[in-house]
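Data first, discussion second: the structure below is written as structure tokens.
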Amino acid sequence: MRNINERFVTEAYDEGGLLTEFAVNCPDSFNFGYDVVDDIAENDPDRRAMVWCNPEGEEHVFTFADMKRWSDKTANFLAEAGIGRGDYVMVILRRHYQFWFVATALAKLGAVMVPATFMLKEHDLEYRLNGASVKAIIATSLGSIADVTDRVADACPTLETRILVNGAGGGLTPEDAEGNLVLPDDGEPLGPALSGPEGVCAAPAEREGWLDFNTGVRAASADFARRETRAADPMLMYFSSGTSGNPKMVLHDSEYAIAHLVTAKHWHNVDPDGLHFTIADTGWGKAVWGKYYGQWLMEACVFTYDFDRFRPADILSLIGRYGITTLCCPPTMYRMMMAEDVDAYDLSSLAYSTTAGEALNPDLFDFWKEHTGLTIYEGFGQTETPLTIANLTGSVPRPGSMGKPIPLYNVEIQRPDGSRCDTGETGEVCIDISRKAPGIMLEYYRDPEKTHAAMHDGWYHTGDTAWCDEDGYFWYVGRNDDVIKSSGYRIGPFEIESVLLEHEAVRECAVTGVPDPVRGKAVKATVVLAEGFAGTDALTRELQTWVKRKTAPYKYPRIVEYADALPKTVNGKIRRAAIREADEAAPEGLV
């Protein structure tokens with residue numbers, strides 16, 4: 001390891017080794033593809049960059065030299081297809097290893113990568129393609145996204161190029177009753193047949209109107225000369241959905257990549273000679289948080305499992321099989337693993353655990369500590385930001401707290417009038433942007449009104465609410481949209497959920513507000529029961545009493561609804577907005 005990260009940051013620590021200062025030094029010409037991936041490839045070519053596998057049994061270990069070679073070939077292929085500096089390219093590749101080739105190649109070309117989820121439908125995709133004037137789409141052959149693209153292509157005049165990637169399995173291969181894979185009738189190779197150096201990009205994909213990525217990249221030259229790019233140019237854009245209206249287009253420059261050094265180095269605590277596993281699909285921002293920028297700036301190897309359905313037993317088995325050393329996943333996934341017999345798995349290689357995406361419930365914090373000996377270090381950030389608040393390496397987490405602001409940012413909890421909240425007072429989390437704050441979004445692309453609503457008077461308004469204790473720890477309350485205003489009280493869902501999850505009958509839960517003619521909103525708990533419990537009136541009364549005894553009585557759920565499962569994103573984050581939407585659509589009296 002050559003500590004190339006030290007070129008791009010200035011740091012200071014206290015006597016206990018805790019980070020106290022962190023500043024980003026971003027050269028005007030910085031390009032992640034050239035200055036990180038290629039630099040490591042040229043000076044430490046055999047260093048592992050990624051261990052990749054899928055349920056079908058395919059496995060690849062990519063060095064940084066491999067990543068340079070394949071990204072250079074990809075860049076040549078994409079350039080030949082007409083993609084260049086400033087072009088917006090949508091990338092829908094699940095967890096295929098080709099995502100890393102494409103992301104690095106687009107950076108080298110100076111194009112703007114627009115990752116998206118494979119779950120998009122026609123309306124969603126058409127809005128995104130037209131909203132960003134997307135020139136090309138690079139999509140997986142697995143699932144239905146290519147069909148969806150073809151159905152909307154005529155309505156998307158800027159879309160010139162469609163490129164198809166054969167995902168060769170991706171966890172979608174059906175199984176028989178004994179759990180054995182059922183290979184497709186067309187004889188397409190799956191699994192071990194595609195592994196090894198000769199197996200990379202080996203499976204072709206034919207579709208009318210689409211270019212075949214794998215075939216084209218294999219045929220492309222591996223000689224690619226550095227092109228002029230600027231760090232201040234747009235580099236990455238995500239669509240971030242709210243609770244109303246169309247998704248916002250979050251635009252980042254290359255400084256965003258460097259800002260994620262604090263994510264990998266001081267929160268994930270990645271070991272440059274270890275193996276880091278962030279469980280995230282590449283269509284969501286958490287993928288580049290935990291599987292790309294900061295980790296490779298630390299010269300560390302990332303682990304990727306190209307699965308479709310999350311099975312906690314599979315994840316627990318992978319930790320021991322591959323010797324994973326650091327792990328990050330949302331609390332929901334930890335909770336699903338918690339339902340397994342954790343002690344039956346070899347987790348001895350695991351040295352560090354982190355979580356983000358939702359607030360961490362104290363009972364889960366305690367369980368993981370008891371069964372693995374590891375503390376879960378919580379962190380907070382958004383699609384619009386890197387890590388902004390966290391329990392950093394060397395800190396002492398308080399169960400349920402998301403930690404303290406990282407030294408890169410000045411963060412305050414503010415009232416609606418912009419004044420700073422007192423200790424213990426709930427308000428909005430705001431980040432000082434009076435000067436350009438590295439890693440904070442440039443803007444909501446093509447939407448000056450929403451940009452100004454979020455970024456004004458020298459502050460970025462996150463839309464998340466929290467309160468701060470006397471020692472500077474931040475405690476999450478909820479999204480502005482999630483906070484329930486009932487009988488004059490402001491009630492955050494997280495505290496009620498944490499209390500409910502301490503009850504033996506509750507496996508998962510989500511707390512939302514429903515319209516109430518007297519209170520404005522009433523608190524509702526949607527509960528997934530643990531095995532052996534039934535959703536009876538008696539249990540409802542018991543859960544209500546449980547909450548009243550453990551927190552302020554006005555917070556108890558007046559409505560308890562039992563469900564088989566909670567709506568979640570592909571990364572396991574509970575979608576409270578979906579519950580609210582279903583309640584609003586329900587006939588009166590059925591909620």
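Because the structure is predicted, anything quoted here is derived from the model rather than measured. Heavy atoms only: backbone and side chains are in, while hydrogens, waters and symmetry mates are out.
- Side-chain atoms of H123 and Y127 form no donor-acceptor pair, as typed in the model, at a separation below 3.5 Å.
- Under 4.0 Å is where a charged nitrogen must lie from a carboxylate oxygen, and between R398 and D471 at least one such pair does.
- Of all heavy-atom pairs between L501 and V506, the closest is CD2-CG1, 3.9 Å.
- Of the candidates F380, F494, W467, W467 is the only one forming a ring-ring contact (aromatic ring centres under 6.0 Å, His included) with W475.
- Counted by atom type alone, T326 and H276 present one or more donor-acceptor pairs between their side chains at under 3.5 Å.
- Judged by distance alone, the side chain of D66 and the main-chain N or O of T63 form a donor-acceptor pair under 3.5 Å.
- A salt bridge is absent between E299 and R48: the closest approach of a Lys/Arg side-chain nitrogen to an acidic carboxylate oxygen does not fall below 4.0 angstrom.
- W368 and S353 are linked by a side-chain donor-acceptor pair at a separation below 3.5 angstrom, with hydrogens and angles left out of the test.
- Donor-acceptor pairing under 3.5 Å is lacking for the side chains of T526 and Y562.
- For the pair Y409 (side chain) and P438 (backbone), a donor-acceptor distance under 3.5 Å is present.
- A pairwise comparison of heavy atoms in P397 and N391 identifies CA-OD1, 3.4 Å as the closest pair.
- The two atoms that bring E59 and S195 nearest to each other are N-OG, 2.8 Å, heavy atoms only.
- Y476 and D464 form a side-chain donor-acceptor contact under 3.5 Å, judged by distance and modelled atom types alone.
- Closest non-hydrogen pair, F22 versus V262, comes out as CZ-N, 3.7 Å.
- Geometric assessment of R128 against the ring of F239 yields a positive cation-pi assignment under the 6.0 Å and 45° thresholds.
- A 4.5 Å side-chain heavy-atom check between W70 and T104 finds every atom pair outside the cut-off.
- A donor and an acceptor atom, one from each side chain of T512 and K524, are nowhere located under 3.5 Å apart.
- Considering every non-hydrogen atom in both L194 and A168, the closest pair reads CD1-CB, 3.1 Å.
- Q295 places a side-chain N or O within donor-acceptor distance of the main-chain N or O of W289, the cut-off being under 3.5 Å.
- Looking at D314 and S317, their side chains never bring a donor and an acceptor atom within 3.5 Å of each other.
- The backbone N or O of M67 lies less than 3.5 Å from a partner atom in the side chain of S71, making a donor-acceptor pair.
- Residue R94 is tested with D281, D306, T140, D308 for a side chain to side chain donor-acceptor pair (under 3.5 Å); the sole match is D308.
- Rounding to the nearest 0.5 Å gives a distance of 10.5 Å between CE of M333 and SG of C328.
- Put simply, the side chain of R479 does not reach to within 4.5 Å of the side chain of T465, judged on heavy atoms.
- Between the side chains of Y444 and E384, a donor-acceptor pair is found at a separation under 3.5 Å.
- Taking every heavy atom of both residues into account, Y345 and A313 meet most closely at OH-CB, 3.3 Å.
- The residues R335 and E508 are annotated as not salt-bridged, no charged nitrogen and carboxylate oxygen being separated by less than 4.0 angstrom.
- Between R321 and D346 no salt bridge is recorded (no basic side-chain N to carboxylate O distance below 4.0 Å).
- No more than 12 heavy atoms of other residues, nucleotides or ligands lie within 6.0 Å of CD in E531, so this atom counts as exposed by the packing criterion.
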